[in-house]
Amino acid sequence: MTPSQDAAYMARALKLANNGLYTTDPNPHVGCVLVKNGEILAEGWTQRAGFAHAEIDALSKTAQAAGATAYVTLEPCSHVGKTGPCCDALIAAGISRVVVAMEDPNPLVAGRGLKKMREAGIEVVCGVLLQEAQLLNKGFFKRMSQGLPWIRSKLAMSLDGRTAMASGESQWITSPQARQDVQRWRAASSAILTGIDTVLYDDPQLNARVDFEVLQPVKVVLDSNLRLPLTAKILQNAVDVWLFTCSDDFGKQQQLRDVGCKVFQVEATNGRVDLPQLFSLLAQLQINTVWVEAGATLNGSLLQSGLVDEWLIYMAPCILGDEGRGLFHLPGLQHMQDKKTLHLTDVRQLGVDLRLCYRPVSH
């Protein structure tokens, strides 16, 4: 195979991996293409945790894999988890060549699968469309390498930078197209996170309302003083509601557990949930990506912390006036030298609105 052919088949494998974008958590999205004599024999992708990985899915669709080349977007696993080692399955099938986009940062794999296949006499090529593969699983890779999830915060604002009227009324600033886009981002996230003030003001459900199969994200609420009412909509299906608090009111904690919440008591910083500890714990709980929908107070704290990887700002062509609520509560900023600077990486039009994607300058 020529390098251009390898790239073309890997591009196909990456496209297949996207089929699992909404269902594979906490596993990465992986695609596999089996090629022999210039023809695609079979294709597969990872669909859900505990089900067949991409390589096994592809191998199950052909009996002619001996002598074929396997294109895989991530190093085949070498350990026994909920499924068997994929590198063993490729070896047993008689695959003669394996082209991998990148090595798996999971310490349980981390090059062992590549080594095992080479020792079995398989030609292994690694690094084809590496950058594209990295983008596909940013959350999983960050969790494995840094012990933190990939964090995105979504904000919706008017042209004059307001997120709501002074009363708190905010529905709806943006267009139906922008709101539909938000639902897709929710669906692609491991968790949707908000603060207790947003729950008290808006009483949201925090679910992904889409017309395709999705593994619903975990709902995470930061509630330092356990103000969450037991009548909140978010508790109507509390199986996947995780509440993080600094309060040691064990009676209220138990009430929330009785309705299905998982309650985590964490350390406080300035009377609020300690954010580094929170996100570290979410990573330990196998959360790859966090989608934040919160108010000015929590977003101000997140901006100060430097923990957010991406800010998605939906800007609507309307004016809410100077008494409206702002994006960030940042009382410590007094001088121009204290300003926070972000880097614009993408602009999309959605209906009449713009979606602006920013990253911290350090990223």
Side-chain angles (χ1 to χ4, degrees), residues 22-23 25-26 49 149 151-156 163-164 167-172 179-180 182-268 271-275 277-299 301-302 325:
Y22 305 103
T23 58
D25 266 6
I151 305 164
R152 295 184 179 97
S153 184
K154 164 258 174 182
L155 302 103
T163 63
S167 64
E169 181 184 357
S170 62
Q171 297 180 341
W172 297 103
R179 298 198 298 274
Q180 185 180 31
V182 168
Q183 295 300 328
R184 287 193 292 268
W185 280 102
R186 282 184 173 189
S189 302
S190 311
I192 303 172
L193 182 149
T194 194
I196 184 59
D197 287 341
T198 297
V199 175
L200 295 176
Y201 279 123
D202 298 335
D203 199 18
Q205 297 181 61
L206 290 190
N207 58 345
R209 297 183 287 278
V210 292
D211 58 0
F212 49 81
E213 183 182 7
V214 60
L215 180 64
Q216 283 289 338
V218 172
K219 305 170 187 179
V220 177
V221 180
L222 309 192
D223 185 5
S224 302
N225 299 307
L226 289 178
R227 293 185 288 151
L228 181 66
L230 296 177
T231 55
K233 286 181 182 176
I234 199 173
L235 297 178
Q236 291 177 1
N237 180 14
V239 176
D240 292 317
V241 177
W242 297 357
L243 188 142
F244 290 78
T245 186
C246 312
S247 171
D248 58 3
D249 184 339
F250 298 115
K252 183 63 183 292
Q253 287 187 22
Q254 190 56 49
Q255 286 182 321
L256 291 163
R257 291 190 176 100
D258 288 343
V259 296
C261 270
K262 291 184 179 179
V263 180
F264 302 86
Q265 186 175 335
V266 296
E267 296 175 3
R272 299 183 183 277
V273 168
D274 182 80
L275 294 175
Q277 183 186 9
L278 161 74
F279 289 115
S280 177
L281 183 54
L282 287 176
Q284 292 172 39
L285 293 167
Q286 295 191 305
I287 296 297
N288 292 328
T289 54
V290 176
W291 176 258
V292 180
E293 293 192 21
T297 299
L298 179 51
N299 273 309
S301 297
L302 286 167
R325 299 185 177 186

Could you go through residues 288-297 and list every donor-acceptor pair under 3.5 Å that involves a side-chain atom there, pairing it with any protein atom two or more places apart or in another chain?
residue	atom	partner	partner atom	Å
Asn288	OD1	Arg143	NE	2.6
Asn288	OD1	Arg143	NH2	3.2
Asn288	ND2	Asp25	OD1	3.3
Asn288	ND2	Pro26	O	3.0
Thr289	OG1	Ser190	N	3.0
Thr289	OG1	Ser190	OG	3.4
Trp291	NE1	Glu293	OE2	2.7
Glu293	OE1	Arg186	NH2	3.0
Glu293	OE2	Arg186	NE	2.8
Glu293	OE2	Arg186	NH2	3.4

- [ ] Please report the shortest heavy-atom distance between Pro204 and Thr198, naming the atom on each side.
- [x] CD-O, 3.8 Å
Open item on the list: I need the minimum non-hydrogen distance between Leu235 and Cys261, along with the two atoms involved.
Closed with: CD2-SG, 3.4 Å
Task: Working for side chain to side chain contact (heavy atoms under 4.5 Å, CB included), residues Leu256 and Leu226 - done: CA-CA 9 Å; Leu256 291 163; Leu226 289 178; 3.8 Å; yes
With sequence neighbours left out, what residues match [X] under salt bridge (Lys or Arg N to Asp or Glu O under 4.0 Å)?
X      : result
Glu267 : none
Arg184 : Asp181
Arg179 : none
Asp197 : Arg227

Task: Listed once per pair and sorted, the side-chain hydrogen bond (donor to acceptor under 3.5 Å, both in side chains) pairs that draw on residues 208-221, sequence neighbours left out - done: Arg48-Glu213, Asn207-Arg209
- [ ] Output all residues satisfying side chain to side chain contact (heavy atoms under 4.5 Å, CB included) with Ser301, sequence neighbours left out; order by chain, then residue number.
- [x] Leu275
Open item on the list: Just to verify, what does Asp258 make a side chain to side chain contact (heavy atoms under 4.5 Å, CB included) with, not counting sequence neighbours?
Closed with: Gln254
Open item on the list: Under a 3.5 Å distance rule, please check whether Thr163 uses its side chain to pair with a backbone N or O of Ala156 as donor and acceptor.
Closed with: no
Non-hydrogen side-chain atoms of [X] and [Y] separated by less than 4.5 Å:
X      : Y      : answer
Arg152 : Trp185 : yes
Ile196 : Val199 : yes
Leu278 : Leu193 : yes

Task: Partners passing side-chain hydrogen bond (donor to acceptor under 3.5 Å, both in side chains) against Gln265 (at least two apart in sequence or in another chain) - done: Gln253
Open item on the list: For Tyr22 and Phe212, take the angle between the two ring planes, folded into 0 to 90°, and tell me which bin it lands in: parallel under 30, tilted 30 to 60, perpendicular over 60.
Closed with: tilted
Open item on the list: Phe279 and side-chain contact (heavy atoms from CB on, under 4.5 Å): which single residue from Ile287, Asp274, Leu302 fits?
Closed with: Leu302
